[in-house]
**Q** 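One structure coming up, written as structure tokens, with questions to follow.
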Amino acid sequence: MNKAVRHIVKVIFVVLLQVLMCNRIALWGVATPFFVVYLFSKIPTGTKTQLSIITAFFIGLIIDVFTGTLGVYALASVTAAFLQGPLLSLISYRDREKESFVPSFESLGRQRYILYLVLLTFVFCLVLFCAESFTFFSFWLTAVRIVSSTLLTVVVLLIVDLLIEKKS
């Protein structure tokens, strides 16, 4: 299977996993895992920003269609894809700016990769929950949902990364 077909299959699998399983999980009524962040965290550094934003928009739009949200996932996905590059340049070593790599434990190191995942997931959850609630009357509930969903998503993504790294 060539590289493009593999990426399309991976995107379809992650979107189906998010729509059919992850969106139905709400630990303690507040924490939801957002597995779709995995797609945005693995964008190679040499990818053009416009391409990653357009892809993220369509991924978010597909999730919005299946979940009945009105552009909330599209907005959060575009924001995460847009900020992925600046977050990586902020976190990675200065001599790696011209080099193209996929963010992982191996390419960034454990601490930097975990920080990168936490920041990217936090941005995604912040935009998603603020756009979804569209009010600040329940500020503390929204804040708890953002923090708990960020932590749960990071734990899930780290487990997936460790499993994939062990397989390779």
**Q** Test your reading of the model: is there a side-chain donor-acceptor pair from S41 to the backbone of Y38, 3.5 Å cut-off?
**A**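 Judged by distance alone, yes, a pair lies under 3.5 Å.
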**Q** Who are the side chain to side chain donor-acceptor pair (under 3.5 Å) partners of K10, not counting sequence neighbours?
**A**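 Per chain and number, K10 pairs via side chain to side chain donor-acceptor pair (under 3.5 Å) with no residue.
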**Q** Spell out, as yes or no, whether a donor-acceptor pair under 3.5 Å connects the side chain of T153 to the backbone of P33.
**A**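 No.
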**Q** Testing L152, V118, L117, L162 one by one against L157 for a side-chain contact (heavy atoms from CB on, under 4.5 Å), which residue passes?
**A**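 Filter result, single survivor: L117.
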**Q** Is V65 reachable from I62 through a run of hydrophobic residues whose side-chain heavy atoms are each under 4.5 Å from the next?
**A**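 As far as the 4.5 Å side-chain criterion goes, V65 and I62 are not connected within one cluster.
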**Q** Atom CG of L51 and atom OG1 of T55: how far apart are they, to the nearest 0.5 Å?
**A**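 Between L51 CG and T55 OG1, I get 4.5 Å after rounding to 0.5 Å.
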**Q** Tell me, do V72 and F129 make a side-chain contact under 4.5 Å, heavy atoms counted?
**A**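 Not touching, per the 4.5 Å side-chain cut-off.
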**Q** Could you tell me whether a side-chain N or O of T67 sits under 3.5 Å from a main-chain N or O of I63, the two making a donor and an acceptor?
**A**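 Looks like yes, one N/O pair under 3.5 Å.
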**Q** Would a distance-only check, ignoring hydrogens and angles, find a side-chain to backbone donor-acceptor pair under 3.5 Å from R110 to F105?
**A**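 The answer is no, because no donor-acceptor pair under 3.5 Å joins these two groups.
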**Q** In Å, rounded to the nearest 0.5 Å, how long is the span from CG of L126 to CG of L119?
**A**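 Going from CG on L126 over to CG on L119, the span is 12.0 Å.
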**Q** When rounded to the nearest 0.5 angstrom, what is the spacing between OG in S133 and CZ in R145?
**A**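 It comes to 7.5 Å.
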**Q** Measure the spacing between CD1 of I164 and CD1 of I159 and express it to the nearest 0.5 Å.
**A**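 With rounding to 0.5 Å, CD1 (I164) is 12.0 Å from CD1 (I159).
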**Q** Roughly how far, to the nearest 0.5 Å, is the CG atom of L115 from the CG atom of L90?
**A**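 Between L90 CG and L115 CG, I get 8.0 Å after rounding to 0.5 Å.
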**Q** Under 4.5 Å side-chain heavy-atom separation, chaining through any Ile, Leu, Val, Met, Phe, Trp or Tyr, what else clusters with L151? Say none if it is isolated.
**A**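 In the cluster with L151 are V147.
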**Q** Evaluate side-chain contact (heavy atoms from CB on, under 4.5 Å) for I59 paired with Y73, printing each intermediate quantity in order.
**A** CA-CA 8 Å; I59 290 170; Y73 277 92; over 6 Å; no
**Q** If we ignore angles and hydrogens, is there a donor and acceptor under 3.5 Å between the side chains of Y116 and Q84?
**A**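 Side-chain D/A pair, Y116 to Q84: present.
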**Q** Any idea which heavy atoms bring G60 and S77 closest together, and the distance?
**A**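 For G60 versus S77, the nearest heavy atoms are CA-OG, 3.7 Å.
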**Q** Is the CG atom of L141 crowded by more than 12 outside heavy atoms at less than 6.0 Å?
**A**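 It does: L141 CG has more than 12 such atoms within range.
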**Q** Assess whether a salt bridge exists between D161 and K42, defined as any Lys/Arg side-chain N lying under 4.0 Å from an Asp/Glu carboxylate O.
**A**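 Result for this pair is yes, salt bridge flagged.
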**Q** Decide side-chain contact (heavy atoms from CB on, under 4.5 Å) for S52 and F40; before the verdict, give the C-alpha distance in whole Å, the side-chain angles of both, and the deciding distance to 0.1 Å.
**A** CA-CA 8 Å; S52 62; F40 311 126; over 6 Å; no
**Q** Output the distance between atom OG1 (T79) and atom CG (L120), rounded to the nearest 0.5 Å.
**A**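 The OG1 atom of T79 sits 10.5 Å away from the CG atom of L120.
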**Q** Where the side chain of S149 meets the backbone of T32, is there a donor-acceptor pair that is under 3.5 Å apart?
**A**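 Indeed, once roles are kept as given, a pair shorter than 3.5 Å links the two residues.
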**Q** Would you call F34 and L128 a side-chain contact if the rule is heavy atoms closer than 4.5 Å?
**A**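 Yes. Closest side-chain heavy atoms under 4.5 Å.
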**Q** For V102, is there any backbone N or O sitting under 3.5 Å from a side-chain donor or acceptor partner on S107?
**A**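 A pair under 3.5 Å: yes.
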**Q** For L108 and L88, run side-chain contact (heavy atoms from CB on, under 4.5 Å): C-alpha distance rounded to whole Å, both residues' side-chain angles, the deciding distance at 0.1 Å, then the answer.
**A** CA-CA 9 Å; L108 290 175; L88 267 178; 3.7 Å; yes
**Q** State whether the number of non-hydrogen atoms from other residues, nucleotides or ligands found under 6.0 Å of F82 atom CZ is greater than 12.
**A**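 Incorrect, the count does not exceed 12.
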**Q** Take atom CZ in F122; do more than 12 heavy atoms of anything else shown fall under 6.0 Å from it?
**A**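 No, the 6.0 Å shell around CZ holds no more than 12 heavy atoms from other groups.
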**Q** Ring centres under 6.0 Å, that's the criterion: do F13 and F35 meet it?
**A**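 Distance test on ring centres: not under 6.0 Å, no.
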**Q** State, with a plain yes or no, whether a side-chain heavy atom of L70 is found less than 4.5 Å away from one of D64.
**A**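 No, every pair of side-chain atoms sits at 4.5 Å or beyond.
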